[in-house]
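Counting starts at 1 for both ligands and their atoms, in listed order.
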Amino acid sequence: MSRALRQFPCDRRRVVAAGVGIGENGWVLELLKTHFGYDAFLPLQEDIVGSVMAGRDTFALMPTGGGKSLCYQLPAMALPGLTLVVSPLIALMKDQVDALEANGVPAGFINSTQTNAELSQVVRQVRSGEIKLLYVAPERAIEARFADFLGTLNVSLVAIDEAHCVSEWGHDFRPAYRELRNLRRSCPDAPVIGLTATATRQVRADILSQLGLREPRTFISSFNRPNLSYSIVPKERDLSGLLSLLEKYRGESAIIYCGSRKDTEEMAQTLTDRGFKAEPYHAGLNADVRRATQERFIRDRTPIVVATIAFGMGIDKPDVRLVVHYDLPKSIESYYQETGRAGRDGEPGECVLFYSYAGKSKQEYFVNQIEDAEERERARQRLNQVISLCTLNSCRRRFVLQYLGEEWPDENCGACDNCVGPREQYEATEITQKVLSAVIRTGERFGAAHVIDVLRGSKGERILKQGHDQLSVHGIAADSPRDELRDLVEELKREGMLATSDAEFPTLSVTQKGRQFLRNRETLILSRPVERKAPSESRGERTRDPDGGAYDQGLYSALSALRRQIADERGVPAFVVFGNRTLQDMARIVPRTPTEFSRVSGVGRAKLEDLGAPFLECINAFARQQGWPETAAIAKKATPAERAPRVVNQSYRETGQIISDGASLEEAASERGLTAGTILGHLERLVEEGVEVEWAHLLPPEEGRAEIESVLEILGDNPMRLVWEELEGRYSYDAIRLVRLARRSAGGSQGKPSSSSADPRSMLGLRRGG
Ligand SMILES: Nc1ncnc2c1ncn2[C@@H]1O[C@H](COP(=O)(O)OP(=O)(O)OP(=O)(O)O)[C@@H](O)[C@H]1O
């Protein structure tokens, strides 16, 4: 059992006795800080963890980014046995496991991308209890062989992530989810937790019945995403609004949703021509191309993906700052899902929808092409809801949440264009009379476009054919811009003065309320946005700090660069090293010592040990450069020789000793209660600082080493991912890191070739028992 687990033994009874308020038990909070670096729970997390720890089946419905993962990851660390995590996305498993390992949480996965050797290793680690969390896809989880394997293990918890995949009503139905209830046979005593971010009632009911949860405790949190802002802006022909938006987010991750495959390709090309790095993504591209595009996006190589809705599920990127809908979404629910991909790390995310009447007509045309009458009707209703959202003059957040069945108490959310943008009230009595009259005079047989043509005095063929140029209302609103009239028609529909038919070509009619208004000659005051512009033009600099505390931008940039470098070296996405929030916290607190560093939110024990030294060095160097007051720690740090004892702390030395005694990475990890990745990080630091360690036994066998070296020689200090890909995944990242370390310590990283046949010991200048 690892040290972490020895330190925090599971005592389920204690939790039960204490009820759900597990925060009273300091040790759970301690576990939260030790492993995840957080000082407090997010809403509902504590209750959900309490429910699971008390052995209850649990169902958790939380929005994207709400912190669902922790609800099973934390119990996994506290419970005695294994936590099995069923997750639908094989592509994400490695990143999920890397992120856990970086936090010192021993995890592994079993999926079809593994070699037999890798699979056997994971199986061995699961059996020996070294791995606390095991990720598998649902198809694997329901295999008879896997059930037999589970039956031999001590399973403490089963977590079913993305539980909505069990429902045919959901958007990602996976038949294998239906059979997951059978997992119970292999581990009858383990509680099951189902988690999802899908809010609809139908899907929710389906999850509860299909997963076979036993008297589950259900937790539903608000679906509001407070860090997201929403706006709907006019779509211009020249892309100017979109371009200035992208300029504002240059270098950061953005997703642009377009309606068709062709549009995504054209838009990606146009953006590329304009100097942005953008790639298309749609279901028509072959699987390899799609995978590579996703990979480049997740690893920050390609900041902008222009996609159809095929791009979404499987994008587990926490730091997407901008989601653009350049065409209308299919429904409010898909709008919520798609915009939900912004700001999963809790940092601000901007969601901008470009709306035009041409776009609306295009969608209406597509809806009319649907052959099945019922399906066509459903699609039309969904589209009408989306149009209502776009033409709404009140809070957009409130509208979306109400659609999802949640009452939003405030009139003003403070973060949608309608709530923050300046609005003006205007007297709409006369223009409304004109519009209603035109609808009546044209016989309530035409749609908005025709009525507006009449009002503006069009001499178009259709107008002349109908004789509508002869009506008294023809041209009575010639001065009103078309857009303004369209907005007014939508507003009058919402006010209940106009109605539309549900026919294929909807026609306008005047309601009782509208007729009453005409009869009584009432005064009508409406409100409208003063000016509708892309948010980047209409607002000042965005606030980058949701907590309101100021942090130093320069230091933040330096820390981001260091994070990028470390992530590249390790072949992991940047967020696996540290999330943006954690870097901001560092740039706010400016920790100068390991103790201060450990107080940063998101810094747990493993990250303190693994990453504290380089990040503290970066902070201290920056502080020195800025002339900020020096601390004793920096003053002492004059030369590398003097630096070594401070940077290479006792913990690193302990690791060095264990390795020198002949332990493998895994053995050292298990002995130290850390992960193999962290151990390797220690070793790298020790070698870099010139501390003698005997580690040649960790290098891969001669033949493999030679192959890795030959690739390293060409790709030099390129990101590990490239080296790994060039080697077609035949060697683990750890093996590549070790060979690279050998090259570096022998001076090979600057392009100097090192003999692949040289004895690694002499090459590294190592001696036993160091
Ligand atoms: N208690 C906490 N304090 C601070 N940050 C937290 C806490 N719990 C989780 N987080 C952070 O919140 C972010 C979102 O968490 P997580 O990925 O688990 O969300 P999720 O609900 O699973 O989202 P999704 O539905 O997108 O998978 C992560 O960056 C995570 O590290």
Can you check whether Gly65 has an N/O within less than 3.5 Å of an N/O in ligand 1? yes
I would like to know whether Ile566 and Phe615 meet side chain to side chain contact (heavy atoms under 4.5 Å, CB included); could you show each step before the answer? CA-CA 10 Å; Ile566 293 176; Phe615 276 86; 3.7 Å; yes
Between Cys351 and Leu228, what is the shortest heavy-atom contact and its length? SG-CD1, 4.1 Å
Among all the protein's non-hydrogen atoms, which is closest to atom 25 (O) of ligand 1, and how far away is it? Lys68 NZ, 2.7 Å
Go through ligand 1 atom by atom and flag the ones less than 4.0 Å from a non-hydrogen atom of Pro63. 21 (O)
Atom 28 (C) of ligand 1 protein-contacted (non-hydrogen atom, under 4.0 angstrom): no
Starting at CZ of Phe575, measure out to CG of Leu583 and round the result to the nearest 0.5 Å. 13.5 Å
Any idea which heavy atoms bring Ala283 and Thr308 closest together, and the distance? N-OG1, 4.2 Å
Distance from atom 15 (O) of ligand 1 to nearest protein heavy atom, with residue and atom: Gly67 CA, 3.5 Å
Quick test: of every protein heavy atom, which one is nearest to atom 22 (O) of ligand 1, and how far off is it to 0.1 Å? Ser69 OG, 3.2 Å
Tyr257 and side-chain hydrogen bond (donor to acceptor under 3.5 Å, both in side chains): which partner among Glu338, His325, Arg341? Arg341
Which residue and heavy atom of the protein sit nearest atom 13 (C) of ligand 1, plus the separation: Arg344 O, 3.6 Å
Is there a side chain to side chain contact (heavy atoms under 4.5 Å, CB included) between Gln73 and Phe36 once you walk through the steps? CA-CA 10 Å; Gln73 289 169 350; Phe36 301 94; 3.6 Å; yes
In ligand 1, the atoms that come under 4.0 Å of a heavy atom of Phe41 are 1 (N)
Classify the angle between the aromatic ring planes of Tyr230 and Tyr335 as parallel (below 30°), tilted (30 to 60°) or perpendicular (above 60°). tilted
Residue portion contacting ligand 1 (non-hydrogen atoms closer than 4.0 Å) for Tyr38: side chain
Are any of the N or O atoms of Gly66 closer than 3.5 Å to those of ligand 1? yes
I'd like to check the side-chain contact (heavy atoms from CB on, under 4.5 Å) partners of Gln210; sequence neighbours left out, ordered by chain and number. Val166, Arg178, Asp206
Between Gln45 and ligand 1, find which residue part has any heavy-atom pair under 4.0 Å and reply side chain, backbone, both or neither. side chain
Verdict with supporting geometry, Val320 and Phe297, side chain to side chain contact (heavy atoms under 4.5 Å, CB included): CA-CA 10 Å; Val320 174; Phe297 182 64; 4.0 Å; yes
Just to be sure I read this right, does ligand 1 sit under 4.0 Å from the backbone of Ala40, its side chain, both, or neither, counting only heavy atoms? backbone
Residue-level breakdown please: for Pro318 versus ligand 1, do any non-hydrogen atoms fall below 4.0 Å on the side chain, on the backbone, on both, or on neither? neither
